[in-house]
Each structure stands twice: as C-alpha cells, then as structure tokens.
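In what follows, every chain begins at residue 1, and chains take the letters A, B, ... in the order their sequences are listed.
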Amino acid sequence: MKFFNTLTRTTEEFVPANPPHVGLYTCGPTVYNYAHIGNLRAFMFEDVLRRYLEYRGYQVRHVMNITDVEDKIIRTVRESGKSLKEVTEFYTQEFLRDLATLNIKSAHVLPRATESIPAIIELISKLVENNHAYVGEDGSVYYSIRSFKDYGKLSHFKLDELQATGRVQHDEYTRESASDFALWKSWDEADGDVKWASPWGLGRPGWHIECSAMSMQHLGASFDLHCGGEDLIFPHHEDEIAQSEAATGKPFVRYWLHNAHLLVEGKKMSKSAGNFFTLRDLLAKGWTGREIRYVLLSTHYRKQLDFTFDGLQAARSALQRLDEFLLKLPDAAGPICPVIAGFEAAMDDDLNISAALAAVFEFIRESNKNGAPPGALAMWQRVDTVLGFGIPGKASVPAEIQALVDERQAARKAKNFKRSDEIRDQLAQAGWVIEDTPQGPRAKRVAG
RNA sequence: GGCGGGUUUGCCAAGUGGGAAGGCGGAGGUCUGCAAAACCUCUAUGAGUCGGUUCGAUUCCGACACCCGCCUCCA
C-alpha cells in the first residue's frame with residue numbers, strides 16, 4: 001500500500017513502525033460552530049484511510065483531538081455569555097453527530113485540549129529547559145524557530161522566504177522573532193474565566209502545542225500517520241514537528257497525509273457568496289448522509305473537489321443503481337467470492353477511489369449481464385467496510401401495500417386497466433413504485 | 001515575490017510512451033396493456049495553446065495562457 005507523503009513529496013510504500021499496529025492522528029475540529037462541508041471532507045478522507053488500513057488487517061489506533069480552547073472559542077464564549085464548557089460541549093456533540101450521519105467512524109480516543117493541560121505544560125517545560133522556548137515579558141511562552149534547524153522540512157519553506165503578512169504585525173503578543181509562535185498565552189481580561197495555572201502564570205495553551213502533546217501522549221513520541229487539510233501543513237504541522245522533535249529528539253511522524261480543499265459550485269465557500277453549507281443545511285434540503293458521503297469520498301483526496309448539487313444528484317442516481325444491484329443479490333451462504341477485480345489494487349495506490357469505484361461499477365454491469373458470482377453479497381459486505389455506504393435491507397413491504405399490489409395485479413389479469421392504474425397512482429402517493437418484471441410485480445420504496 | 005497543484009467527452013472524474021476507465025446525463029433497445037422501474041447497447045480519431053524528444057505523446061521536456069492552494073492560528 002502506498003501513500004503520498006507530504007514530508008518527501010513522493011508516493012512511498014507504507015510500512016508501519018510496529019505492524020500490525022498503526023498509530024493514526026487526525027487533526028480534529030475547533031468546536032465553536034457547526035462543521036461545514038469543507039471540514040467534513042477532511043474527516044471523510046481520514047475515514048476512508050482508516051477503514052482501508054483496517055480492511056488490510058492493520059490494527060489502527062486512531063486519535064483525534066478536540067480543540068476546545070482557542071481565540072475564536074473565547075470570542076464566542078464572551079459574546080454568548082455562556083461558559084466555555086457549554087459552548088464546546090454543544091458543538092462537540094453536534095460534530096460527533098455529523099460524523100455519525102456520514103457514517104464516519106469515531107476515533108478511539110478523542111482527547112480535549114482542556115483535559116490535556118498537564119501534558120501540555122510538561123511539554124512546554126521541556127522546551128523551555130532545552131532552550132527551544134523562551135518566556136516573553138507578559139508571561140507568554142514562545143517557541144524559537146531559529147533553535148530548530150529542520151524548520152520548514154514539511155512545508156518546504158525556507159525561513160527567509162516567508163513573506164511577512166499583516167497578521168504578523170498585528171499580533172498582540174511580544175516575541176523575539178516575528179515568526180516565533182506561542183506555546184502558552186498569558187491570561188488577559190478578555191479571556192474571562194478561561195485560564196489555567198502554569199509555571200509561567202495564568203494562561204492557556206497555544207494552538208499547535210496541544211496536538212504535539214496529545215498525539216505523543218496517546219501514540220508515543222514517534223508514530224505512523226498524521227493527517228489534516230492541506231492548509232494545516234503550514235504553520236500548524238510544521239510547528240508540531242518543531243515542538244515535538246525538539247522535545248524528544250526523535251522523529252515525530254513517519255507519514256504525513258493531507259487532503260485538498262473543496263469548492264462549492266466552483267467557488268471558494270464563503271458566507272457572503274451564499275455557498276456555505278453545513279451538514280444540517282444539506283439534510284434540510286433533502287439530501288441524505290450517504291449521498292453526501294458518496295460525493296465527498298468519490299474524488300481523490302489530494303484533488304480539489306468541486307461540491308455541487310449536480311454532483312449530489314449524480315451520487316443519488318449512482319447509489320440507487322448500487323442499491324438495486326445489492327437488493328437482487330441472493331443472500332450469502334457458503335464461500336465468499338473473490339473481491340472485485342481491481343478494487344484493492346486501486347486502493348493500494350494512494351487510495352485511488354475513482355479507480356476503485358470504476359471497478360465496482362464494472363462488476364455491477366458484468367453481474368447484471370451474466371449473473372453475480374456466488375458469495376457476492378458477502379464479498380460486498382467486506383468491500384463496504386471500506387466504502388461505508390451501507391447495504392439496503394430487503395425492505396419488508398407493509399401488508400396494506402402488498403394488498404394493493406395484489407389487487408392491482410388481479411385487476412391487470414382481468415384487463416381492468418383503469419382500476420390497476422388507479423392503484424398504481426395510489427401506491428405512488430404512498431411512496432411506492434411498482435416494477436412489473438417478467439417474474440411478476442415488485443414493490444419498491446422510493447426516496448423522498 | 002517564494003513554494004505547490006491543476007487544465008481530459010454535455011457535467012463529474014481515472015489510468016496510460018503504442019488504438020482514453022468509471023459515474024451522471026443523453027440516445028437507442030429489451031420488457032410492458034400503456035407506462036414506470038429495471039437491465040442492455042451506444043455516447044471524446046482526441047486530451048488548454050505552441051514547440052521539442054521519439055518509429056510513435058494525452059502521457060516525457062520546454063515555453064505560453066488560464067484557474068486554484070499555501071506563505072503564522074482556515075479542513
């Protein structure tokens with residue numbers, strides 16, 4: 001199995017440090033608002049990654065942090081008059097619900113930054129002792145980028161090539177170099193009750209340090225996989241490497257995987273453009289979690305994805321065709337048939353989902369034409385542990401619906417087509433479609 | 001300015017130095033009392049533009065055009 005490693009910018013064979021165990025850390029949400037569809041693409045990619053690793057027999061330990069203390073959260077707390085805990089707990093639960101809607105597997109460990117303060121302080125202390133960090137006048141602690149000679153190895157930026165932008169100059173904190181970043185931010189009045197005691201006085205952790213502390217706490221000083229959106233490459237992940245490796249002297253992460261962002265209807269998602277969607281927005285428009293799942297995972301994770309309503313419609317049609325196929329498969333009994341040709345080869349190749357889905361649809365067409373191989377349903381159950389679309393139940397037709405189907409069939413036999421068409425309309429009203437197949441009528445529930 | 005990605009059929013989207021997957025849509029067909037549903041078949045002599053290398057390029061190299069991302073707390 002091969003992955004494109006951001007660190008080397010090449011596609012490399014994946015070899016875990018300690019097989020069959022795999023340590024996977026994925027950067028989680030900052031819980032001050034609902035996740036939007038762009039956020040969810042990242043979690044979808046990570047879900048497919050994890051599921052495929054498990055499919056391949058690895059025992060994955062998946063850790064995803066919840067960032068529950070941060071500037072934007074504090075602003076929300078201040079503006080809402082609620083407590084930090086109230087705000088972050090609410091959005092954390094909403095986030096987990098979104099993941100469930102999309103059938104994204106929950107991480108095994110979901111550490112919160114606010115529950116990891118001791119580990120964070122310990123890590124910062126180590127960096128201060130090592131002279132990789134220093135305490136500013138106001139009691140904030142900063143990481144000294146110049147102290148880490150490999151700084152820039154992930155993003156491939158050179159320090160002197162970094163263009164200073166407005167944000168650097170506007171920073172309210174004191175530090176020696178504009179590019180140094182805060183490990184610990186000293187408390188001020190605007191922070192309200194959000195504060196913890198530390199060797200440097202009251203304050204709160206910076207953003208990057210929490211991921212270093214929590215990932216190493218749960219996965220060790222070195223682990224296999226670390227993922228996130230491509231925007232996190234710099235500075236977030238670059239800074240994580242600097243902090244972690246300066247503290248431990250060991251290589252932090254072996255494979256870095258990053259997903260590209262998405263556009264909505266060809267444009268960058270923004271509230272002012274009116275193309276900003278949360279999952280609840282899409283559900284309210286009548287789209288289902290699995291349709292959204294299909295759209296989000298069907299484009300390769302390193303390619304920019306254009307999220308459109310045409311795409312959702314296409315996903316709906318494709319899934320209907322898949323469901324139709326699965327419903328006609330005989331129940332599994334006996335041996336499983338070989339996995340769809342090409343599926344694993346495609347997924348092994350840096351999760352080439354497009355090619356994998358192409359293999360799936362070729363299999364469907366071939367099976368429709370010449371009959372599915374025995375054990376196909378059991379095989380699909382295994383494939384679906386990766387795709388996560390779910391397998392439609394052989395829907396039981398309610399008795400009153402079946403009675404109408406039978407009555408219509410009797411009317412047809414008696415050539416009473418007026419009556420049979422009435423019943424057909426009636427069934428349509430109730431959300432059922434009749435398929436008159438050579439084997440007789442079949443009632444099918446229609447979506448929407 | 002620095003670093004990086006992209007441009008494939010109506011839309012979405014793969015692979016590949018030697019006649020371009022797959023999905024959606026569209027067209028035709030099978031089935032049907034008629035439909036619908038379902039299924040089958042077909043649907044890019046051409047891959048942003050111009051050069052080069054090669055027996056041969058969509059695939060390699062070089063220009064150019066356009067689009068996009070990152071450049072200090074946005075997945």
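In this model, the phosphate group of B:rG22 is approached by a side-chain N or O of A:Arg365 to a distance below 4.0 Å at OP1 or OP2. A:Asn368 has no side-chain polar atom (N or O) that falls below the 4.0 Å cut-off from OP1 or OP2 of B:rA38. Between A:Asn39 and the phosphate of B:rC74, there is no side-chain N or O to OP1/OP2 separation shorter than 4.0 Å. Under 4.0 angstrom from either OP1 or OP2 of B:rC24 there lies no side-chain N or O belonging to A:Arg316. Taking 4.0 angstrom as the limit, A:Ser317 places a side-chain polar atom (N or O) nearer than this to OP1 or OP2 of B:rG25.
Nearest nucleotide to the side chain of A:Ala358, out of B:rA37, B:rC24, B:rG22: B:rG22. The side chain of A:Phe361 sits closest to B:rG22 out of B:rA37, B:rG22, B:rG4. Listed nucleotides B:rC74, B:rG23, B:rA14 differ in distance to A:Lys72; the shortest reach to its side chain belongs to B:rC74. Between B:rG23, B:rA37, B:rA75, one nucleotide has an atom nearer to the side chain of A:Ala318 than all others, and that is B:rG23. Picking from B:rG33, B:rC3, B:rC24 the nucleotide with the shortest atom distance to the side chain of A:Arg412 gives B:rG33. Minimum atom distance to the side chain of A:Arg408 is reached by B:rC34, of the listed B:rC34, B:rA38, B:rA14.
Both cation-pi conditions hold for A:Arg382 and A:Tyr55: the charged atom is under 6.0 angstrom from the six-membered ring centre and inside a 45 degree cone around its axis.
Taking the six-membered ring for Trp and thresholds of 30 and 60 degrees, A:Phe148 and A:Tyr143 have ring planes more than 60 degrees apart, a perpendicular arrangement. Relative orientation of the A:Tyr134 and A:Tyr142 rings is tilted, given thresholds of 30° and 60° on the angle between their planes. Taking the six-membered ring for Trp and thresholds of 30 and 60 degrees, A:Trp207 and A:His236 have nearly parallel ring planes, at less than 30 degrees apart. Relative orientation of the A:Trp256 and A:Phe252 rings is tilted, given thresholds of 30° and 60° on the angle between their planes.
Residue A:Glu70 is in sugar-phosphate contact alone, with no base atom involved, counting any heavy-atom pair closer than 4.0 Å across all strands shown. Counting non-hydrogen atoms under 4.0 angstrom, A:Ile353 reaches nothing in the nucleic acid. Nucleic acid contact class of A:Ile233 (heavy atoms, under 4.0 Å, all strands): none. Residue-level contact check: A:His236 touches neither bases nor backbone, having no heavy atom under 4.0 Å from any strand. Residue A:Gly38 is in base contact, counting any heavy-atom pair closer than 4.0 Å across all strands shown.
The same atom, C1', is picked in B:rU30 and in B:rA37; the two are 13 Å apart, to the nearest Å. Nucleotides B:rU58 and B:rG2 have their C1' atoms positioned 31 Å apart, rounded to a whole Å. When the C1' atom is compared between B:rA44 and B:rU7, the two are found 16 Å apart, to the nearest whole Å. When the P atom is compared between B:rG10 and B:rA47, the two are found 13 Å apart, to the nearest whole Å. Spacing between B:rG15 and B:rU59 at atom P, rounded to whole Å, works out to 15 Å. B:rC42 sits 15 Å from B:rC24 when the P atoms are compared, rounded to a whole Å. Taking the P atoms as reference points, B:rC11 lies 14 Å from B:rG48, given to the whole Å. Spacing of P atoms, B:rU43 relative to B:rA20, comes out at 11 Å, to the nearest Å.
For A:Phe43 and A:Phe95, the ring centers sit closer than 6.0 Å to each other.
Taking atom CE of A:Met347 as the reference point, atom P of B:rA21 lies 22 Å away to the nearest angstrom. Following rounding to the nearest Å, A:Leu263 (CG) and B:rC68 (C1') show an atom-to-atom distance of 7 Å.
With contacts defined as side-chain heavy-atom distances shorter than 4.5 Å, the pair A:Arg112/A:Glu89 qualifies.
Each of A:Lys328, A:Lys444, A:Arg290 was scored for a salt bridge (Lys or Arg N to Asp or Glu O under 4.0 Å) with A:Asp323, with one residue passing: A:Arg290. Paired with A:Phe389 under the rule side chain to side chain contact (heavy atoms under 4.5 Å, CB included), one option of A:Asn103, A:Val360, A:Leu297 passes, and it is A:Leu297.
Residues from residues 295-304 of chain A placing a heavy atom under 4.0 Å of any atom in RNA chain B, listed by number, are A:Thr299, A:His300, A:Lys303, A:Gln304. Near RNA chain B, meaning a heavy atom under 4.0 Å away, the residues from residues 414-426 of chain A are A:Phe417, A:Ser420, A:Asp421, A:Arg424.
Both A:Arg321 and A:Leu305 lie near RNA chain B, and the one whose nearest nucleotide falls closer to the 5' end is A:Leu305. Heavy-atom nearest nucleotides on RNA chain B were determined for A:Ile364 and for A:Glu230, and the one closer to the 5' end corresponds to A:Ile364.
Around the CD atom of A:Glu13, the shell of radius 6.0 Å holds more than 12 heavy atoms that belong to other residues, nucleotides or ligands.
One cannot find a donor-acceptor pair under 3.5 Å joining the base of B:rA37 and the side-chain atoms of A:Asp436.
Atom CD in A:Glu210 sits 8.5 Å away from atom CD in A:Glu70 (nearest 0.5 Å).
The two atoms that bring A:Asn352 and A:His300 nearest to each other are CA-CD2, 4.0 Å, heavy atoms only.
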